[in-house]
Amino acid sequence: MISVLPIVRIISMVAKCYAALVALAAAAIWWWTGKTADGWTIAAWAFSWATGLQVALLLIVHWAWRGIWDLIPKLNEWIFPDLNGKWHITINWHGHVGDGKGTIEGDVTIKLDLLKISMDVVTEKSTSHTLAVTPQCDPESKRPRLVYVFRINPRAVSGPDGIPYRGAAILDHYVEGGQDVLYGKYWTERETVGDYIIRRSNAGFAAHTQCDETKPVA
């Protein structure tokens with residue numbers, strides 16, 4: 001998810017805040033003791049405290065950010081929705097002309113933190129695993145979006161249907177009746193195409209998008 005954030009600005013802000021804290025510490029010591037810290041002493045503080053800063057950032061990236069998102073729900077709109085959890089997927093697929101079409105139901109598990117995101121899909125016919133997921137925001141509407149590349153493993157144990165193949169999808173985030181929905185088109189190496197409609201299975205916060213809440217066509 002960090003790819004949707006202005007990473008250069010974040011690094012700059014962290015560096016400035018850290019420099020300000022070191023300067024405040026030097027000022028506090030001068031205020032309490034009347035002694036001015038020299039440059040080498042301040043540099044030693046900066047390096048010695050760097051480990052603590054690193055640990056704090058790691059805790060925020062891998063754990064504390066969920067609490068921050070819960071504490072400030074607007075972050076779901078300002079940055080990106082917290083999509084962690086269990087989802088239900090409806091796949092409307094279409095093959096070549098004459099190859100038929102159909103609908104498949106399944107379960108989705110999304111795992112997301114500030115550095116990475118993954119989606120695992122399980123249906124009665126196959127499982128799929130993440131090759132790459134890139135969170136984005138539409139530059140005009142600001143609607144959250146996932147660009148998703150995956151590997152499908154058919155459940156058949158032999159024959160051509162048992163050969164894994166790759167696919168990709170572009171999924172936009174909506175709010176439908178107070179429920180999070182991911183909706184979009186997909187296509188695969190087998191030249192099949194279709195629609196993904198993914199809805200949260202568990203009750204939870206529905207992250208409002210910045211656009212109007214247009215419902216996807218099921």
Side-chain angles (χ1 to χ4, degrees), residues 1 3-4 62-63 65-67 69-70 73 76 80-95 99-137 143-209 213-218:
M1 188 166 70
S3 62
V4 302
H62 293 290
W63 177 73
W65 77 272
R66 296 293 303 277
W69 251 247
D70 290 338
N76 290 276
F80 203 80
D82 179 3
L83 302 178
N84 279 284
K86 303 293 185 179
W87 301 66
H88 179 80
I89 187 171
T90 301
I91 305 172
N92 298 312
W93 62 271
H94 307 272
D99 286 349
K101 60 182 180 179
T103 299
I104 301 174
E105 307 282 335
D107 297 312
V108 179
T109 301
I110 298 179
K111 297 179 180 179
L112 179 148
D113 61 28
L114 288 180
L115 296 180
K116 62 184 182 298
I117 180 171
S118 66
M119 292 178 59
D120 291 329
V121 181
V122 179
T123 72
E124 62 179 9
K125 293 187 176 181
S126 67
T127 61
S128 70
H129 303 285
T130 302
L131 295 179
V133 182
T134 302
Q136 299 178 349
C137 282
R143 183 179 298 284
R145 173 178 294 164
L146 296 177
V147 179
Y148 172 43
V149 181
F150 51 89
R151 183 174 186 266
I152 298 174
N153 299 297
R155 291 188 182 275
V157 295
S158 62
D161 287 340
I163 300 174
Y165 57 100
R166 292 169 298 183
I170 298 177
L171 305 173
D172 289 324
H173 177 266
Y174 296 82
V175 176
E176 179 182 352
Q179 182 185 42
D180 288 317
V181 180
L182 296 172
Y183 172 79
K185 301 288 186 179
Y186 82 93
W187 55 97
T188 74
E189 289 181 323
R190 290 191 174 182
E191 299 185 3
T192 55
V193 298
D195 302 323
Y196 279 171
I197 305 172
I198 309 174
R199 294 184 171 89
R200 275 200 188 275
S201 298
N202 55 332
F205 176 78
H208 292 283
T209 61
E213 297 179 2
T214 306
K215 295 182 181 180
V217 179

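If you read the sequence from its start, that first residue is 1, and numbering goes on from there.
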For this session: On the 0 to 90° scale, with breaks at 30° and 60°, tag the Y186-Y196 ring pair as parallel, tilted or perpendicular.
Result: parallel
Exercise. Under 3.5 Å, side chain of E189 to main-chain N/O of R166, donor-acceptor pair present?
Worked result: yes
Problem set entry | Closest contact, heavy atoms only, R190 versus P154 | NH2-CG, 4.3 Å
For this session: Taking side chain to side chain contact (heavy atoms under 4.5 Å, CB included) as the test, write out the residues that go with H129, two or more places apart.
Result: D120, T127, N153
Problem set entry | Side chain proximity check, V175 to H173, heavy atoms < 4.5 angstrom | yes
Exercise. Which distance, rounded to the nearest 0.5 Å, do you find between the OH of Y148 and the CD1 of I198?
Worked result: 7.5 Å
Exercise. So, the side chain of H94 versus the backbone of T192: is there a donor-acceptor pair under 3.5 Å, distance only?
Worked result: no
For this session: Just jot down the side-chain hydrogen bond (donor to acceptor under 3.5 Å, both in side chains) partners of K185, sequence neighbours excluded, or say none.
Result: D195
Exercise. Mind checking whether L131 and F150 have side chains closer than 4.5 Å, heavy atoms only?
Worked result: no
For this session: State, to 0.1 Å, how close G106 and H88 come at their nearest heavy-atom pair, and which atoms those are.
Result: O-ND1, 3.2 Å
Problem set entry | Separation between CG of N84 and CD1 of I110, rounded to the nearest 0.5 Å | 8.0 Å
For this session: Not counting sequence neighbours, which residues clear side chain to side chain contact (heavy atoms under 4.5 Å, CB included) with E124? List them please.
Result: none
Problem set entry | Test side-chain hydrogen bond (donor to acceptor under 3.5 Å, both in side chains) applied to S118 - qualifying residues, sequence neighbours left out | none
Problem set entry | Note, T90 side chain near T103 side chain (heavy atom, < 4.5 Å) | yes
Seminar exercise, completed: Value for OH (Y174) from CZ (R199), rounded to nearest 0.5 Å, stands at 12.0 Å
For this session: Report yes if the side chains of V121 and I89 come closer than 4.5 Å at any heavy-atom pair, otherwise no.
Result: yes
Exercise. What pairs with I104 under side chain to side chain contact (heavy atoms under 4.5 Å, CB included), at least two apart in sequence or on another chain?
Worked result: I91, W93, T123, K125
Exercise. Of all residues at least two apart in sequence or in a different chain, which pass the salt bridge (Lys or Arg N to Asp or Glu O under 4.0 Å) check with R151?
Worked result: none
For this session: Please tell me if the side chains of Q136 and V147 come closer than 4.5 Å, counting only heavy atoms from C-beta onward.
Result: yes
For this session: Nearest 0.5 Å please: distance from the CG atom of L146 over to the CG atom of L182.
Result: 6.0 Å
Exercise. Salt-bridged, R143 to D172, with N to O below 4.0 Å?
Worked result: no
Exercise. Closest approach of P144 and F80, non-hydrogen atoms and distance?
Worked result: CB-CE1, 3.6 Å
For this session: Determine whether V108 and V122 make a side-chain contact, defined as any pair of heavy atoms from C-beta on separated by less than 4.5 Å.
Result: no
Seminar exercise, completed: Residue set satisfying side-chain hydrogen bond (donor to acceptor under 3.5 Å, both in side chains) with T130, at least two apart, ordered chain then number -> none
Exercise. With a 4.5 Å limit on heavy-atom distance, are the side chains of T109 and K86 in contact?
Worked result: yes
